[in-house]
Amino acid sequence: MEQREQRYEGKAKKVYATDDPAYYIVSYKDDATAFNGEKKGTIASKGIVNNIMSNIIFALIAEEGVPTHFVKQLSDRDTLVKAVTILPLEVIIRNVAAGSFSKRYGVDEGTPLLFPTLEFSYKNDELGDPLINDDHIMALGLATKEELNQVRSYTHKVNEVMKAFFLDKGLKLIDFKIEFGKLADGTIILADEVSPDTCRLWDVNTNEKMDKDRFRRDLGKVEETYQEVLKRVKGE
Ligand code: UDP
């Protein structure tokens with residue numbers, strides 16, 4: 001497949017058209033942002049970690065029955081994916097309280113939640129990705145009831161698959177964000193990425209943060225931690 005013009009540049013990835021309109025090429029960058037773009041930096045080789053890790057996890061998720069955009073890894077940073085229109089929703093599952101949830105509701109980080117708790121944010125940088133509920137989503141025509149049901153059930157399945165996968169690698173899945181897209185025929189599939197940028201992962205023995213919070217909170221050993229997570233994900 002031939003790479004054509006750039007279609008989009010986000011905070012962490014570029015997306016290119018190909019000679020087939022049904023496929024895009026995503027290219028992962030080392031750029032890192034936090035707090036809605038207020039904090040900017042780079043994490044050396046992050047793009048490589050996030051590309052390889054996302055692909056391993058997307059392949060696993062697909063085996064478990066949740067369709068994804070992943071087609072084929074082309075290089076360390078580049079992957080061929082199915083072209084989708086991204087639903088403007090960040091779908092978050094929380095197993096343990098952390099981050100904005102802890103802040104919003106005044107609960108200590110690390111407090112286990114009674115069940116995997118799903119929330120949506122409206123993907124809109126200008127508005128700072130505000131929390132949004134099902135009625136809001138349907139009232140604004142961002143997704144239909146059927147689409148939301150599909151997204152919910154896929155997301156809970158992804159949580160179960162990833163929780164078990166990471167635990168086997170000595171990592172607790174605290175929370176994560178995923179995004180879905182629609183194929184030309186309306187089918188909903190998992191898209192975007194799954195990486196230390198988008199998941200909170202704590203070492204099962206030490207509770208050490210093994211994710212982007214090291215960058216967000218200036219905890220040090222950022223690059224080393226991304227490499228360590230990739231090593232574990234690869235089973236090395
Ligand atoms: N997250 C993300 N992109 C965002 C916001 C959150 O990937 O724009 C991920 C984040 O890494 C964490 C989960 O979603 O794993 C929940 O994040 P939270 O709402 O606690 O926000 P934060 O504390 O990161 O602002």
Side-chain angles (χ1 to χ4, degrees), residues 8-13 26 28-41 43 46-47 49-51 53-54 57-58 61 68-69 86-113 115-133 142 151-152 154-156 158-159 161-163 165-167 169 171-181 190-203 207-219 222 225-226 229-230 233:
Y8 173 80
E9 176 160 11
K11 295 182 203 120
K13 297 186 285 297
V26 293
Y28 286 74
K29 307 189 288 183
D30 289 347
D31 297 348
T33 61
F35 313 119
N36 199 26
E38 254 172 67
K39 183 181 169 87
K40 285 193 177 72
I43 301 172
K46 171 170 85 76
V49 171
N50 289 7
N51 182 38
M53 174 164 166
S54 289
I57 290 175
F58 280 154
I61 286 169
T68 84
H69 74 164
I86 294 284
L87 296 177
L89 299 172
E90 300 198 331
V91 189
I92 292 170
I93 288 242
R94 302 178 186 275
N95 296 306
V96 174
S100 69
F101 183 93
S102 285
K103 212 167 151 188
R104 192 183 320 129
Y105 300 117
V107 267
D108 286 343
E109 280 209 315
T111 308
L113 298 175
F115 51 85
T117 306
L118 191 148
E119 74 186 42
F120 295 109
S121 291
Y122 177 33
K123 250 173 85 81
N124 184 315
D125 283 338
E126 268 166 51
L127 301 177
D129 299 338
L131 199 63
I132 191 168
N133 75 17
L142 304 178
V151 162
R152 273 179 188 283
Y154 280 160
T155 302
H156 282 291
V158 168
N159 183 46
V161 171
M162 293 212 299
K163 250 196 324 199
F165 175 80
F166 284 124
L167 200 55
K169 315 292 182 191
L171 295 166
K172 275 191 278 190
L173 180 60
I174 303 301
D175 59 30
F176 63 91
K177 183 268 303 179
I178 51 179
E179 296 180 21
F180 290 88
L190 185 62
D192 195 47
E193 66 177 280
V194 173
S195 71
D197 277 8
T198 63
C199 300
R200 282 196 170 92
L201 299 164
W202 294 1
D203 183 87
N207 274 338
E208 204 181 345
K209 294 182 184 4
M210 306 284 288
D211 54 58
K212 196 174 164 189
D213 276 344
R214 302 207 72 84
F215 168 80
R216 292 188 190 101
R217 302 178 189 187
D218 296 316
L219 301 177
V222 182
T225 300
Y226 275 71
V229 170
L230 179 61
V233 165

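As the structure is a computational prediction, the values presented were derived from the model and not from experiment. Values below: every heavy atom of this structure, side chains too, minus hydrogens, waters and symmetry copies. Atoms within each ligand, like the ligands themselves, are counted from 1 in listed order.
Near Gly99, meaning under 4.0 Å from any of its heavy atoms, are these atoms of ligand 1: 20 (O), 23 (O). Every atom of ligand 1 with a heavy atom of Asp197 under 4.0 Å away is listed here by number and element: 7 (O), 11 (O).
In terms of protein heavy-atom proximity, atom 9 (C) of ligand 1 is nearest to Lys177 CB, 3.5 Å. Residue, atom and distance of the protein heavy atom nearest to atom 18 (P) of ligand 1 are Ser100 OG, 3.2 Å. When only non-hydrogen protein atoms are considered, atom 12 (C) of ligand 1 lies nearest to Asp175 OD1, 3.1 Å. When only non-hydrogen protein atoms are considered, atom 22 (P) of ligand 1 lies nearest to Arg200 NH2, 3.6 Å.
Atom 16 (C) of ligand 1 is flagged as protein-proximal [any protein heavy atom, distance under 4.0 Å].
In this structure, Lys46 pairs ionically with Asp197, as a charged nitrogen and a carboxylate oxygen lie closer than 4.0 Å. Salt bridge absent: Asp213 and Lys209 never bring a charged side-chain N and a carboxylate O closer than 4.0 Å.
Figure legend: cation-pi geometry between Lys39 and Phe215, with NZ or CZ positioned under 6.0 Å from the six-membered ring centre and within 45° of its axis.
For the atom pair NZ (Lys13) and OH (Tyr8), the distance works out to 8.0 Å, reported to the nearest 0.5 Å. Atom NZ of Lys177 and atom OG of Ser195 lie 8.0 Å apart (nearest 0.5 Å).
Applying the salt bridge (Lys or Arg N to Asp or Glu O under 4.0 Å) rule to Glu9 yields the partners Lys29; only residues at least two apart in sequence or on another chain are considered. Every residue meeting the salt bridge (Lys or Arg N to Asp or Glu O under 4.0 Å) condition with Arg214, not counting sequence neighbours, appears here in chain and number order: Glu208.
The shortest N/O to N/O separation between Arg94 and ligand 1 falls below 3.5 Å.
Remark: among candidates Glu90, Arg104, Glu179, Arg216, the nearest residue to atom 11 (O) of ligand 1 is Arg216, based on non-hydrogen atoms.
Counting heavy atoms under 4.0 Å from ligand 1, residue Cys199 touches it through the backbone alone.
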